[in-house]
Amino acid sequence: MNKDQYQHLSDQQLLGQFYADRSNDWLGILLQRYTLLLLGVCMKYLKNEEEARDAVQQIFLKAITELHKYPVEYFKSWLYMVAKNYCLMRLRTNKGRKPLELKDHQLNAQVEEQGLSLHLEKDRQLELMAVCLTELNNEQQQCVTLFYLQKKTYQEIASQTGYTMMQVKSHIQNGKRNLKILMEKKLSERW
């Protein structure tokens, strides 16, 4: 397949083609679009170019396997979550393999550990938010996703969805409020 001839197709259209004929060629085109994004995410977490490149390959394999199992609506945000989770799991498994720090460096190690803990907590909250987002009604979920994740304007959302500007504003405000309520409820259930 000549990948350049499919540049005009959106992620959704490519996913639709894949779900129609289950050809991994469509996924190849789609994943190629996000190679640099994935490499950046992996570098951010793993801090090593060779490990990051290996991770991107593993994430590609995982994405292809998962996409054969179930449909994905928002590919870019889903792929980001797959990459982030993969890197965090890699960090957790590698953590036990690191040699002991020298005593002079223990303070730095503690600071890094606290930073990792804060980072992991933020990631847990993002995962919780992703789960709660799926529990909003379709209108709120769609408008909140387009506004906050895809950075669309009210006008762009109204054009894309067919809602009026007032409906878009209402769906975003109510969705944001309901998302907060759902997250607080789930957080209180954990404790």
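What's counted below: heavy atoms across the whole structure, side chains too, no hydrogens, waters or symmetry copies.
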Point to revise | Heavy-atom check, side chain of L38 versus side chain of T35, under 4.5 Å | key: no
Exercise for review: Could you tell me whether the side chain of L37 reaches within less than 4.5 Å of the side chain of K76, counting heavy atoms only?
Suggested key: yes
Practice item. Look at the rings of Y70 and W78 and say which category their plane angle falls in: under 30° parallel, 30 to 60° tilted, over 60° perpendicular. Key: perpendicular
Check your understanding: Is there a side-chain contact between K62 and V82 (heavy atoms, below 4.5 Å)?
Key -> yes
Point to revise | Heavy-atom closest pair, residues A83 and V41 | key: CB-CG1, 4.0 Å
Exercise for review: Output the distance between atom CG (D54) and atom CD (E49), rounded to the nearest 0.5 Å.
Suggested key: 11.0 Å
**Study point:** Min side-chain heavy-atom separation L31-I64 under 4.5 Å
**Key:** yes
Check your understanding: Heavy-atom count around L61 CG within 6.0 Å, excluding the residue itself: above 12?
Key -> yes
Practice item. Output the distance between atom CG (L79) and atom CZ (R33), rounded to the nearest 0.5 Å. Key: 12.5 Å
Practice item. Please confirm whether the backbone N or O of L27 pairs with a side-chain atom of N24, one donor and one acceptor, at under 3.5 Å? Key: no
**Study point:** Trace of the ring-ring contact (aromatic ring centres under 6.0 Å, His included) decision for F18 with H68
**Key:** CA-CA 9 Å; F18 164 72; H68 277 281; 4.9 Å; yes
Exercise for review: State plainly whether the residues K186 and E135 are in salt-bridge range, i.e. N to O under 4.0 Å.
Suggested key: yes
Exercise for review: Locate the shortest heavy-atom distance separating Q13 from H8; write the atom from each residue and the value.
Suggested key: OE1-O, 4.0 Å
Point to revise | Cationic N near anionic O, under 4.0 Å, K69 to E66 | key: yes
Point to revise | Nearest-0.5 Å distance that lies between atom CZ in R177 and atom CG in L182 | key: 11.0 Å
Exercise for review: Output yes when a side-chain donor or acceptor of Q167 lies under 3.5 Å from a complementary backbone atom of T164, and no otherwise.
Suggested key: yes
Review point. Quick one: do M165 and Y148 end up in the same hydrophobic cluster if we chain Ile, Leu, Val, Met, Phe, Trp and Tyr together by side-chain heavy atoms under 4.5 Å apart?
Key: yes
**Study point:** Spacing of N48 atom CG and C42 atom SG [to the nearest 0.5 Å]
**Key:** 11.0 Å
Check your understanding: Can you get from Y74 to V168 by hopping between Ile, Leu, Val, Met, Phe, Trp and Tyr side chains that sit under 4.5 Å apart?
Key -> no
Practice item. Could you walk me through whether F147 and Y154 pass the ring-ring contact (aromatic ring centres under 6.0 Å, His included) test, one step at a time? Key: CA-CA 7 Å; F147 186 73; Y154 283 10; 5.3 Å; yes
Review point. So, the side chain of Q160 versus the backbone of I157: is there a donor-acceptor pair under 3.5 Å, distance only?
Key: no
Check your understanding: Are the side chain of Q173 and the backbone N or O of S170 linked by a donor-acceptor pair below 3.5 Å?
Key -> no
Review point. Atom CG of N178 and atom NZ of K180: how far apart are they, to the nearest 0.5 Å?
Key: 12.0 Å
Review point. Quick one: are E51 and R90 in side-chain contact, heavy atoms under 4.5 Å?
Key: yes
Review point. Does some side-chain heavy atom of I172 sit less than 4.5 Å from a side-chain heavy atom of L146?
Key: no
**Study point:** CD-SG distance between E184 and C132, expressed to the nearest 0.5 angstrom
**Key:** 10.0 Å
Point to revise | Ring-ring centroid check F75 Y34, cutoff 6.0 Å | key: yes
Exercise for review: Using modelled atom types only, decide if a donor and an acceptor are shared between the side chain of Y19 and the backbone of V72 within a distance under 3.5 Å.
Suggested key: yes
**Study point:** Donor-acceptor pair between Y163 and Q142 side chains, under 3.5 angstrom
**Key:** yes
